[in-house]
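What you see is a predicted model, and the numbers here were worked out from it, not measured in a lab. Naming convention: chains lettered A, B, ... in sequence-line order (proteins, then strands); numbering from 1 in each chain.
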Number of protein chains: 2
Amino acid sequence: MTVLSKSCIYGVQAAIYLASLPKSEYVSIQEVAGKLNISFHFLTKVLQILTQAGIMISYRGPNGGIALARPSSSVSLADIIGAIDGTEVFTECLLGLPGCGHADPCPAHEQWTSMRNRLYHICKTTTLEELATKASELNVRLAAHPLVQHFTPKE
Amino acid sequence: MTVLSKSCIYGVQAAIYLASLPKSEYVSIQEVAGKLNISFHFLTKVLQILTQAGIMISYRGPNGGIALARPSSSVSLADIIGAIDGTEVFTECLLGLPGCGHADPCPAHEQWTSMRNRLYHICKTTTLEELATKASELNVRLAAHPLVQHFTPKE
DNA sequence: AACATTTAATACTAAAGAGTACGAAATACG
DNA sequence: CGTATTTCGTACTCTTTAGTATTAAATGTT
């Protein structure tokens, strides 16, 4: 059991990748998938979700692709997680009890609520800009396998 | 995507239920499943895991059942989660990157590590005794559906 | 207008999680 | 010894998530 689904992880990775690019032009999903070592088709589906959510914009045809719809400083981790996995992680009871809340708490309510709120706070205040800066500053890894390779100008 | 699997949630609920009983005798899985509104067969499989992990002990035959192997004050939430879902939640990178760590961090490493450590700390220091006490003190709910009913002496 | 490129949409396959069923093994009790 | 009770082990089904494939729609270029 993981906190984020695979779809969500891919979405976050792609978003960070876009945010880390110098210019904000359309980048083909193929390029992103290649750099991040993700299945192109699968990533396409994930990015469609982010596009529909208004987090990214897409453009079809030659030189088309996807791009962040807003400046990376105004997109939070929580935005992306919310769009793909939903807000469940930030709101649900640890034990999955439907009506768990202040009025009718489960035995783990207090501990978990404080936890969850902190998680939400961190995700809400962490922006793509911040993550992208770290990624490039520290030469930090983004992709699973070999590492993000050098940018090869698209042709 | 949830933090804990259904199996794990059921395991935790059952453990709290056992801990909340006055005496620590063998309780049939059927009784536990009934009180907690969980499928008997499914709960059986989950509790087998906890038995194999040494957290519970079982006894077959008439008047058999399961019981906590140790006093409820020495069983932590983390023990149960670890046995059923594994320690992944407490150790894994948010973005699921294999070698993510201090030496080779992902962009979300710092934030997530502090989060995770706190989660682990809370789960490690929260005992079944504590949870069970809350459950009975506050007349707090444990099961999803109707509510834990009154104890009906087993015969 | 024709063609190449790239996302959108849909459908399909594979794997994992959740839930069900049933027979085998252990044990108490008459 | 036989029978009822209760966990153990295995196998099966259903649902969700992950991943693959294919066709349609949009758009720039020649």
Side-chain angles (χ1 to χ4, degrees), chain A residues 1-11 13-14 18 25-34 36-69 81 84-86 88-89 95-96 144-145 154-155, chain B residues 1-14 18 25-34 36-69 81 84-86 88-89 96 144-145 154-155:
Chain A
M1 198 55 36
T2 53
V3 176
L4 304 182
S5 70
K6 272 293 184 71
S7 294
C8 191
I9 288 174
Y10 292 160
Q13 289 183 359
L18 290 180
E25 290 174 340
Y26 289 113
V27 178
S28 79
I29 298 179
Q30 198 133 36
E31 176 184 329
V32 180
L36 300 179
N37 235 59
I38 303 172
S39 147
F40 163 69
H41 290 293
F42 194 56
L43 184 60
T44 293
K45 288 204 302 191
V46 173
L47 296 186
Q48 273 176 36
I49 297 174
L50 291 180
T51 300
Q52 283 161 5
I55 293 174
M56 294 184 181
I57 41 177
S58 64
Y59 198 84
R60 298 187 192 183
N63 300 318
I66 51 163
L68 291 173
I81 295 174
I84 299 177
D85 275 352
E88 205 179 287
V89 199
L95 301 182
H145 259 185
K154 240 191 64 187
E155 205 281 320
Chain B
M1 199 56 37
T2 53
V3 176
L4 303 183
S5 70
K6 273 291 183 69
S7 296
C8 192
I9 288 174
Y10 293 159
V12 172
Q13 289 183 359
L18 290 181
E25 289 173 344
Y26 288 112
V27 178
S28 78
I29 298 179
Q30 198 133 37
E31 176 185 329
V32 180
L36 300 180
N37 236 60
I38 303 173
S39 149
F40 163 68
H41 290 292
F42 194 55
L43 185 59
T44 293
K45 289 204 301 189
V46 174
L47 296 186
Q48 273 175 36
I49 298 174
L50 291 180
T51 300
Q52 284 161 5
I55 292 174
M56 294 183 179
I57 42 177
S58 65
Y59 198 84
R60 298 186 191 182
N63 300 317
I66 51 162
L68 291 175
I81 294 173
I84 298 177
D85 275 351
E88 205 179 288
V89 199
H145 259 184
K154 239 190 64 187
E155 205 278 318

Participant: Short of 4.0 Å, heavy atom to strand atom, which residues of residues 46-56 of chain B count as contacting DNA chain C?
Facilitator: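 Residues of residues 46-56 of chain B under 4.0 Å from DNA chain C: none.
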
Participant: Taking 4.0 Å as the cut-off, does a side-chain nitrogen or oxygen of Tyr59(B) come that near to OP1 or OP2 on dA28(C)?
Facilitator: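 Looking at the OP1 and OP2 atoms of dA28(C), one of them is under 4.0 Å from a side-chain N or O of Tyr59(B).
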
Participant: To check you understand the geometry: which heavy-atom pair defines the closest contact between Gly54(B) and Ala69(B), and what is its length?
Facilitator: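 Between these two residues, the closest heavy atoms are O-CB, 3.3 Å.
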
Participant: When rounded to the nearest 0.5 angstrom, what is the spacing between OG1 in Thr2(B) and CD in Glu88(A)?
Facilitator: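 Taking OG1 in Thr2(B) and CD in Glu88(A), the distance rounds to 6.5 Å.
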
Participant: Do the non-hydrogen side-chain atoms of Ser7(B) and Phe42(B) ever get within less than 4.5 Å of each other?
Facilitator: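 Answer yes - side chains close enough.
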
Participant: Using the side-chain heavy atoms of Asn63(B), tell me which of these nucleotides is nearest: dT7(C), dA28(C), dT7(D).
Facilitator: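 Nearest to the side-chain atoms of Asn63(B), counting from C-beta on, is dA28(C).
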
Participant: State, to 0.1 Å, how close Leu43(A) and Ala14(A) come at their nearest heavy-atom pair, and which atoms those are.
Facilitator: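 Reported closest heavy-atom pair: CD1-CB, 4.2 Å.
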
Participant: Is there side-chain contact between Ile57(A) and Tyr26(A), with at least one heavy-atom pair below 4.5 Å?
Facilitator: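 SC-SC contact between Ile57(A) and Tyr26(A) confirmed.
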
Participant: What integer distance in Å separates Ile29(B):CD1 from dG9(D):P?
Facilitator: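 In whole Å, dG9(D) P and Ile29(B) CD1 are 12 Å from each other.
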
Participant: If you round to the nearest 0.5 Å, how far is CG of Asn37(A) from CD of Gln13(A)?
Facilitator: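 One gets 9.5 Å once the value is rounded to the nearest 0.5 Å.
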
Participant: Could you tell me how far apart Ile84(B) (CD1) and dG17(C) (C1') are, to the nearest whole angstrom?
Facilitator: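 So the CD1-C1' distance, Ile84(B) to dG17(C), works out to 14 Å.
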
Participant: Can you give one letter per nucleotide of nucleotides 18-25 of chain C, going 5' to 3': B for a protein heavy atom under 4.0 Å from the base, S for sugar-phosphate only, - for none?
Facilitator: SBBBB--B

Participant: Mind calculating the distance between CD (Glu31(B)) and P (dT7(D)) to the nearest angstrom?
Facilitator: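 Distance check: Glu31(B) CD to dT7(D) P gives 10 Å.
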
Participant: State whether Ser28(B) places a side-chain N or O below 4.0 Å from either non-bridging phosphate oxygen (OP1 or OP2) of dT5(D).
Facilitator: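 Result: no.
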
Participant: When the distance from CD1 of Ile9(A) to P of dT17(D) is rounded to whole Å, what number comes out?
Facilitator: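 Answer to the nearest Å: 14 Å.
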
Participant: Can you tell me how far P of dT7(D) sits from OH of Tyr26(B), to the nearest Å?
Facilitator: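 It is 11 Å, rounded to the nearest whole Å.
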
Participant: Atom CD1 of Ile57(A) to atom P of dA26(D): distance rounded to whole Å?
Facilitator: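 These atoms are roughly 18 Å apart.
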
Participant: Met1(A) and Asp85(B): which non-hydrogen atoms are nearest, and at how many Å?
Facilitator: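 Where Met1(A) meets Asp85(B) most closely, the heavy atoms are CB-OD2, 4.0 Å.
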
Participant: Could you measure the distance from the CD1 atom of Ile49(B) to the CD1 atom of Ile55(B)? Nearest 0.5 Å is fine.
Facilitator: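 Going from the CD1 atom of Ile49(B) to the CD1 atom of Ile55(B) covers 10.5 Å.
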
Participant: For a quick test of reading the model, state the closest non-hydrogen atom pair linking Thr51(B) to Ser58(B) and the distance between them.
Facilitator: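 Where Thr51(B) meets Ser58(B) most closely, the heavy atoms are CG2-OG, 3.7 Å.
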
Participant: Between dT6(D) and Thr44(B), is there an OP1 or OP2 to side-chain N/O distance shorter than 4.0 Å?
Facilitator: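 Answer no for this pair, as no side-chain N or O of Thr44(B) is under 4.0 Å from OP1 or OP2.
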
Participant: Measure CG/Asp85(A) against P/dT16(D) and give the value in whole Å, please.
Facilitator: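 It is 16 Å, rounded to the nearest whole Å.
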
